[in-house]
2 protein chains.
Amino acid sequence: MTRVLVVDDEPQIRRALSTNLRARGYEVDLAASGEEALPLVADRHPDVVVLDLGLPGMDGLEVVQALRAWSRVPIVVLSVREDERDKVAALDAGADDYVTKPFGMSELLARLRAAMRRSAPADDEPVVDTDDFAVDLAAKHVVRHLPDGDEVVHLTPTEWQLLELLARRRGRLVTQAELLQEVWGPGNERKSDHLRVHMAAIRRKVEPDPSQPRWLLTEPGMGYRFV
Amino acid sequence: MTRVLVVDDEPQIRRALSTNLRARGYEVDLAASGEEALPLVADRHPDVVVLDLGLPGMDGLEVVQALRAWSRVPIVVLSVREDERDKVAALDAGADDYVTKPFGMSELLARLRAAMRRSAPADDEPVVDTDDFAVDLAAKHVVRHLPDGDEVVHLTPTEWQLLELLARRRGRLVTQAELLQEVWGPGNERKSDHLRVHMAAIRRKVEPDPSQPRWLLTEPGMGYRFV
DNA sequence: GGCTCCCGTCAAGAAGTCGTGAAGAGCATC
DNA sequence: GATGCTCTTCACGACTTCTTGACGGGAGCC
């Protein structure tokens with residue numbers, strides 16, 4: 001769930017933004033001042049902050065500076081001020097975008113998406129771990145768990161493609177036709193000889209007892225399954 | 001040196017932007033169309049792209065899409081179009097900001113700074129150290145640890161780009177296609193000859209025994225890995 | 001038992017990839 | 001125009017990977 005913190009002193013703007021954002025599936029926190037907003041960022045860890053520049057008490061610009069002292073959360077500034085100096089000051093203080101009121105809701109939403117997309121953590125890092133070995137899909141390598149510590153296993157391109165496919169769909173049966181088509185391209189769905197040879201090679205490298213596979217199971221007549 | 005690529009079909013806008021940016025110490029490349037711009041991004045690796053939406057031939061939106069297919073360079077879109085749908089389309093295609101003409105130069109510059117600041121690595125470790133050499137990603141140089149003290153190693157631009165990519169993703173396998181695309185631009189994913197030659201050059205300069213690489217490993221058929 | 005089908009194993013040759021040296025082109029500088 | 005640096009391109013041997021065919025075991029069926 002994506003969380004948005006809206007900071008604005010005008011209740012009707014808060015209400016309008018909150019309604020629109022919730023309707024699009026965002027979770028919304030509201031603050032009426034900078035003093036309210038700062039602890040909310042710390043507690044709720046929003047994915048993006050929408051910040052009105054004209055706040056009573058602590059000014060919007062000060063809020064940006066206070067946030068940037070310790071947080072990298074994307075900040076989209078709203079303001080009625082057209083003056084370029086305000087825009088430059090807010091952006092240079094660390095704001096990510098500056099939208100002038102009145103603004104269209106669809107534009108604001110697009111700018112929020114853009115701000116969040118940029119800050120999105122590069123990649124999730126899926127590692128499929130078993131008692132005997134671990135498949136690191138990001139690093140594209142396999143480590144084998146041995147009594148005397150881990151050991152990196154070298155896989156050939158074909159072996160890796162097969163293991164990756166099975167690991168990504170672990171628990172599910174992957175048919176021979178699917179594997180052949182993914183690895184050897186369309187038109188090779190009949191060459192199950194290849195599959196047997198390469199699956200055997202993978203098992204030799206990662207299974208504790210290759211002749212009695214524990215993780216890479218054969219489903220006769222159908223395909224293979226990684227459990 | 002910060003490099004900016006300006007893409008606009010109107011010569012006077014190109015001139016105005018170029019003058020202003022150069023006066024502020026940026027290095028500026030110019031393109032009058034999307035077709036000109038794409039290879040320039042591949043060759044020159046700008047830190048940010050300023051892109052006019054109303055281009056003859058290839059439309060600005062198509063340029064955004066084409067760039068985002070392989071590059072994460074920040075894109076600031078310029079446009080006379082006020083229509084919200086244009087803004088939403090450009091931002092959702094992967095643009096980082098959308099500035100409507102006419103615009104103030106100081107605002108544009110602030111938005112460029114904001115776009116570049118966000119894309120800055122902000123990375124954890126700017127120096128990757130091994131027993132035999134250290135790669136300083138911030139200073140962009142390599143020092144080799146020798147028995148009689150350290151020695152600065154001179155790398156050519158291509159060599160540095162390759163080593164930097166591998167160092168930033170150390171431990172992970174980087175495929176040939178990724179390396180070729182990052183360094184030589186899209187469309188060069190098949191020219192693995194280059195890769196072999198330049199990797200050999202890097203190894204000659206940083207590996208203790210280039211014929212038996214200890215840090216820059218080859219994964220046959222897949223790519224390279226910095227461990 | 002005999003037969004068929006599917007699978008795992010093995011080995012040898014084919015096919016592809018990598019590292020290396022060297023030659024030449026392109027380009028900036030002097 | 002000469003020089004030095006860099007990148008590209010090519011050819012070769014060494015090496016890795018893939019393909020292919022043969023063989024044998026086990027399950028199911030007649």
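In what follows, every chain begins at residue 1, and chains take the letters A, B, ... in the order their sequences are listed.
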Side-chain N or O of [X] versus OP1/OP2 of [N]: is the shortest distance under 4.0 Å?
X        : N      : result
A:His198 : D:dT17 : no
B:Tyr224 : C:dG19 : yes
B:Thr218 : C:dC18 : no
A:His154 : D:dT17 : yes
B:Arg196 : C:dT17 : no
B:Trp184 : D:dC7  : no

Electrostatic pair [X]-[Y], nearest N-O below 4.0 angstrom:
X        : Y        : answer
A:Arg111 : B:Asp97  : yes
A:Asp83  : A:Arg81  : no
A:Arg169 : A:Glu178 : yes
A:Arg144 : A:Glu151 : no
B:Glu10  : B:Lys101 : yes

Whole angstrom is fine here: how far is it from [atom1] in [X] over to [atom2] in [N]?
X        : N      : atom1 : atom2 : answer
A:Arg203 : C:dC10 : CZ    : P     : 13 Å
B:Asp193 : C:dG16 : CG    : C1'   : 13 Å
A:His194 : C:dA15 : NE2   : P     : 13 Å
A:Leu216 : C:dT9  : CG    : P     : 12 Å
B:Lys205 : D:dC5  : NZ    : P     : 11 Å
A:Leu155 : D:dT16 : CG    : C1'   : 14 Å
A:Asn188 : D:dC18 : CG    : P     : 14 Å
B:Glu207 : C:dT20 : CD    : P     : 10 Å

For this session: Would you mind classifying the nucleic acid contact of B:Ser211 as base, sugar-phosphate or nothing, using non-hydrogen atoms under 4.0 angstrom?
Result: sugar-phosphate
Exercise. Touch check for A:Gln212, heavy atoms < 4.0 angstrom, all strands: base, sugar-phosphate only, or nothing?
Worked result: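 No contact.
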For this session: May I have all residue pairs that pass ring-ring contact (aromatic ring centres under 6.0 Å, His included) and include part of residues 66-107 of chain B, sequence neighbours excluded?
Result: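 Sorted pair list comes back empty.
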Exercise. Given D:dT17, C:dG21, D:dC7, which nucleotide is nearest the side-chain atoms of B:Pro220?
Worked result: D:dT17
Exercise. Out of D:dT17, C:dC18, D:dT8, which has the shortest distance to the side chain of B:Gln176?
Worked result: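 Between D:dT17, C:dC18, D:dT8, the one nearest the side chain of B:Gln176 would be C:dC18.
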Exercise. Want to settle it: does B:Thr158 or B:Gly221 sit nearer the 5' end of DNA chain D, counting the closest nucleotide to each?
Worked result: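 The residue mapped nearer the 5' terminus is B:Thr158.
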Exercise. If you draw a 6.0 Å radius around CZ in B:Arg85, do more than 12 non-hydrogen atoms from other residues or ligands fall strictly inside?
Worked result: no
Problem set entry | A:Arg68, CZ: over 12 other non-hydrogen atoms inside 6.0 angstrom |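 Yes - once you tally the heavy atoms of other residues, nucleotides and ligands closer than 6.0 Å, there are more than 12.
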Problem set entry | Terminal axis angle for the helix from C:dG1-D:dC30 to C:dC30-D:dG1, five pairs an end, nearest 10 degrees |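 Roughly 30°, once rounded to the nearest ten degrees.
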